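These notes concern the structure reproduced below.
From a predicted model like this one, the values you see are computed outputs, not experimental measurements.
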2 protein chains.
Amino acid sequence: MTTIKEVAKAAGVSVAMVSKALNNYPDVSEKTREKVRQTAEKLNYSPNVVARNLSSKNQKTIAMITSGFLRSESLDNSNSFDLLKGVYQATEEDHYELAMYFTETEKQQEKDYAKFCRERNIRGVVLSGIRLDDPYFKTLLETNIPCVLIDVKVPTENKLIGGVSIDNVQAAYDMAQYVIARGHTRLAVLSGEGEADVNGQRLKGIMRAAEAKGIDLGGKIINGEFKEQTAYDSVRAFLEQHQTNLPSALICFSDIMALGALKAIEEFGLQVPEDISLTGFDGLKITDYTHPTITTVKQPFQQMGYEAARLVQRIMEGKEGERQITVPHEMIWNSSVRDLTV
Amino acid sequence: MTTIKEVAKAAGVSVAMVSKALNNYPDVSEKTREKVRQTAEKLNYSPNVVARNLSSKNQKTIAMITSGFLRSESLDNSNSFDLLKGVYQATEEDHYELAMYFTETEKQQEKDYAKFCRERNIRGVVLSGIRLDDPYFKTLLETNIPCVLIDVKVPTENKLIGGVSIDNVQAAYDMAQYVIARGHTRLAVLSGEGEADVNGQRLKGIMRAAEAKGIDLGGKIINGEFKEQTAYDSVRAFLEQHQTNLPSALICFSDIMALGALKAIEEFGLQVPEDISLTGFDGLKITDYTHPTITTVKQPFQQMGYEAARLVQRIMEGKEGERQITVPHEMIWNSSVRDLTV
DNA sequence: TTTTATCATAAAAACGGTCTCATCACCTGT
DNA sequence: ACAGGTGATGAGACCGTTTTTATGATAAAA
């Protein structure tokens with residue numbers, strides 16, 4: 001392992017000069033810089049990031065903190081992984097270090113984000129699957145570490161917080177409009193946890209579209225907790241309870257839940273989309289392989305991760321600018337919605 | 001940020017004592033140890049892992065190096081992600097640090113694994129998607145860093161290398177036997193890249209089962225490169241070329257390729273499993289949602305990651321023992337294979 | 001009583017960098 | 001000729017730990 005000292009000796013300059021030369025400090029003569037560069041190259045030297053991270057004032061390390069998916073099935077995580085890929089890509093391009101922290105909601109003592117960051121000299125964080133009212137997130141904020149949240153609209157007053165998401169209101173509105181335009185008036189919604197930010201946004205979009213057409217959703221909002229099994233159970237129960245007045249379309253707030261709903265509907269003896277139409281949300285690839293393929297909203301998770309990492313870097317560098325980034329979503333018009341108007 | 005110095009001052013002992021007390025060194029009196037523990041607790045102190053990593057002789061940092069999936073579709077990565085989850089879980093349990101390195105085959109200059117490890121004081125590596133003859137892997141070995149490879153049978157003479165995989169020969173053999181037992185004799189195989197270790201293993205298993213029944217696979221081995229699109233193209237071409245003598249079953253070496261094959265078969269105007277039976281490999285969840293569901297071999301990727309991380313830790317600690325771990329696979333008997341014997 | 005282990009502790013040297021400051025040579029303007 | 005500025009350089013403090021080595025106190029052995 002060649003160290004900076006060896007490079008210094010070989011180049012006949014001081015250690016400080018080597019550091020400055022390689023880090024593009026202005027107060028280094030071109031001659032010295034070139035000499036240092038060449039000897040570093042020759043000795044195959046590359047700085048130790050651990051040492052740099054310890055000594056430097058401005059560490060370039062960010063963390064990605066994600067809540068609750070170690071246990072869950074791989075299918076549920078493909079979006080988390082795409083996020084990670086995006087974050088990774090951005091950090092790699094800008095020579096940042098990336099640390100990951102996966103937390104489980106049930107392991108209380110393990111959830112201290114601030115401690116995780118403090119221990120690792122982390123100066124910026126991308127969070128996903130975490131809510132604004134998470135107590136550990138609050139303590140993290142108190143440490144003045146810039147945070148960017150995925151899928152959350154952040155309060156504008158705190159310049160250290162950013163957010164990245166699609167326009168969930170618009171996407172849900174578009175989806176509801178599409179369904180309504182195909183003649184559906186008896187709508188039901190399979191939503192996630194009420195506390196999640198996206199959940200409220202999407203509900204707002206649906207409401208807006210429904211009210212415009214005078215459609216009432218009272219009692220038609222099912223909670224599926226963003227989980228396949230819960231979705232299955234809830235939809236099953238809902239169908240049995242509303243046998244006499246079944247909805248003609250079920251709008252789901254995640255593809256995972258749509259899969260559970262699809263199963264519940266089929267086992268109830270009904271067909272999608274002949275008897276009940278169905279829509280998803282997220283754009284998992286699996287929606288292209290189900291029978292029928294599921295109409296859904298595709299979120300660009302990898303891009304979201306990338307933008308989040310870039311945004312947190314900008315905040316770390318003290319730059320001004322927009323703290324809320326909206327990335328484009330894409331409607332995937334598959335075949336799970338029946339057109340009642342023809 | 002409370003440092004070890006502040007704890008030392010508050011406890012009225014030296015910095016060295018704090019370090020030793022908290023790291024369970026034997027030469028610390030119980031009284032001091034307890035006092036240090038309590039003040040550390042009170043001051044909410046937790047050691048800085050960056051500093052520790054720099055100073056300590058035996059760093060507890062491992063890396064997971066994975067080749068070629070940043071670009072690819074999320075579906076292809078669910079196994080990689082499960083691996084990562086397993087590795088993460090093991091590192092977290094044992095208080096190891098984990099660094100990730102995703103490489104792309106085309107970015108030559110970015111592929112220096114040894115450099116990556118050197119820069120980060122990494123002392124053990126889990127590699128996936130990497131072949132024994134990878135030149136960068138070879139240079140990594142020269143640095144005497146313990147390596148554990150996923151999906152590779154490693155040479156036994158080097159005690160610093162380990163491997164984790166299922167019994168690919170047996171799994172492929174089982175699958176072929178199953179297909180043959182259902183009356184199929186006109187088999188074709190959709191294999192991956194010939195250089196991959198698993199590819200050879202699986203082929204061996206198929207061959208063994210086929211030869212036992214006197215089935216000839218000559219000219220029936222299609223290369224799908226482990227990619228959906230390539231699989232689609234290759235199968236399409238194969239079908240057109242063998243119109244007069246179509247196989248009755250196609251054994252695929254990955255679920256991803258099976259998806260491509262399924263599409264190709266259907267677009268060719270044939271049905272699975274009525275006209276051609278199909279099997280996959282890997283056990284991706286999507287195989288339960290396709291139409292028909294795909295019979296496949298399920299690999300426990302998360303467990304493989306976990307075992308790999310544990311194994312590399314054992315090697316790092318200088319422990320003896322088996323360097324090749326075989327984890328159990330599971331056959332998923334879905335509905336993509338037709339029984340010709342009934 | 002003196003010598004020798006043993007134990008508990010502290011001081012200080014690493015680890016491999018960054019970065020502040022002091023130094024010095026050289027130029028410029030008066 | 002001299003003060004003042006500028007540009008290039010190196011010495012050394014520092015980051016927060018671990019780990020080696022030195023030191024002093026106490027107990028056991030001679």
Side-chain angles (χ1 to χ4, degrees), chain A residues 1-37 39-40 43-61 95-97 115-123, chain B residues 1-37 39-40 43-61 95-97 115-123:
Chain A
M1 253 225 54
T2 81
T3 72
I4 197 172
K5 254 176 231 163
E6 308 176 44
V7 177
K9 191 158 25 153
V13 296
S14 72
V15 165
M17 275 295 105
V18 176
S19 174
K20 290 181 177 179
L22 295 179
N23 289 306
N24 294 317
Y25 275 59
D27 57 344
V28 178
S29 71
E30 257 327 298
K31 206 183 71 194
T32 310
R33 195 188 300 280
E34 199 43 45
K35 189 173 54 185
V36 168
R37 277 218 185 102
T39 42
L43 298 182
N44 192 25
Y45 167 76
S46 61
N48 184 299
V49 307
V50 178
R52 162 180 289 168
N53 233 312
L54 183 61
S55 72
S56 180
K57 303 289 176 208
N58 50 333
Q59 293 98 341
K60 306 220 293 183
T61 310
H95 304 287
Y96 274 63
E97 288 297 301
K115 182 178 161 200
F116 178 86
C117 293
R118 180 161 30 91
E119 287 174 348
R120 289 162 185 79
N121 295 357
I122 280 163
R123 301 281 299 270
Chain B
M1 252 226 54
T2 80
T3 71
I4 198 171
K5 256 178 230 163
E6 309 176 46
V7 177
K9 192 159 24 155
V13 296
S14 74
V15 165
M17 276 294 104
V18 176
S19 174
K20 288 184 174 178
L22 296 179
N23 289 307
N24 295 318
Y25 273 61
D27 57 346
V28 178
S29 72
E30 256 328 298
K31 207 184 68 190
T32 311
R33 193 187 301 279
E34 199 45 44
K35 189 173 55 186
V36 168
R37 276 217 187 103
T39 43
L43 297 182
N44 193 24
Y45 168 75
S46 61
N48 184 298
V49 307
V50 178
R52 162 179 290 170
N53 233 315
L54 181 61
S55 75
S56 180
K57 302 290 174 206
N58 49 336
Q59 293 99 340
K60 307 221 293 184
T61 309
H95 305 286
Y96 274 64
E97 289 296 301
K115 182 178 161 200
F116 178 85
C117 294
R118 180 161 30 92
E119 287 174 348
R120 288 162 186 81
N121 295 355
I122 280 163
R123 301 280 299 272

Strictly distance-based, threshold 3.5 Å: is any side-chain N or O of [X] a donor or acceptor partner for the main-chain N or O of [Y]?
X	Y	result
Glu119(B)	Val49(A)	no
Arg33(A)	Ala21(A)	yes
Arg118(A)	Tyr45(B)	no

Interatomic distance, [X] [atom1] vs [N] [atom2] [rounded to whole Å]:
X	N	atom1	atom2	answer
Leu54(A)	dC15(C)	CG	C1'	9 Å
Glu30(A)	dT9(D)	CD	C1'	15 Å
Asn48(A)	dA14(C)	CG	C1'	14 Å
Lys60(A)	dT18(C)	NZ	C1'	14 Å
Tyr25(A)	dC21(C)	OH	C1'	13 Å
Lys9(A)	dG10(D)	NZ	C1'	17 Å
Lys31(B)	dA8(C)	NZ	P	11 Å
Asn121(A)	dT17(D)	CG	C1'	11 Å

(request) Would you state whether a donor and an acceptor, one from the side chain of Ser55(B) and one from the base of dT17(D), lie under 3.5 Å apart? (result) yes
Could you tell me whether [X] contacts a base, only the sugar-phosphate backbone, or nothing, with contacts defined as non-hydrogen atoms closer than 4.0 Å?
X	result
Val15(B)	base
Asn23(B)	sugar-phosphate
Asp27(A)	base
Lys5(A)	nothing

Nearest listed nucleotide, side chain of [X], among [options]:
X	options	answer
Lys20(B)	dT20(D), dG16(C), dT17(D)	dT20(D)
Ser29(A)	dT18(C), dT19(D), dT9(D)	dT9(D)
Thr32(A)	dA10(C), dT18(D), dA8(D)	dA8(D)
Met17(B)	dT18(D), dT9(C), dT18(C)	dT9(C)
Ala16(A)	dT9(D), dC19(C), dT18(D)	dC19(C)
Ile4(A)	dT19(D), dT18(C), dG10(D)	dT18(C)

(message) More than 12 heavy atoms of other residues, nucleotides or ligands under 6.0 Å from NZ of Lys35(B): yes or no?
(response) yes
Tell me whether the OP1 or OP2 atom of [N] has a side-chain N or O from [X] closer than 4.0 Å.
X	N	result
Ser56(B)	dT18(D)	no
Ser19(B)	dT18(D)	yes
Asn58(A)	dC19(C)	yes

(message) Taking the basic N atoms (NZ, or NE/NH1/NH2) and the acidic carboxylate oxygens, is any pair closer than 4.0 Å for Arg120(A) and Glu97(A)?
(response) no
(request) Answer yes or no: is there an ion pair linking Glu6(B) with Lys9(B), defined by an N-O contact shorter than 4.0 Å? (result) no
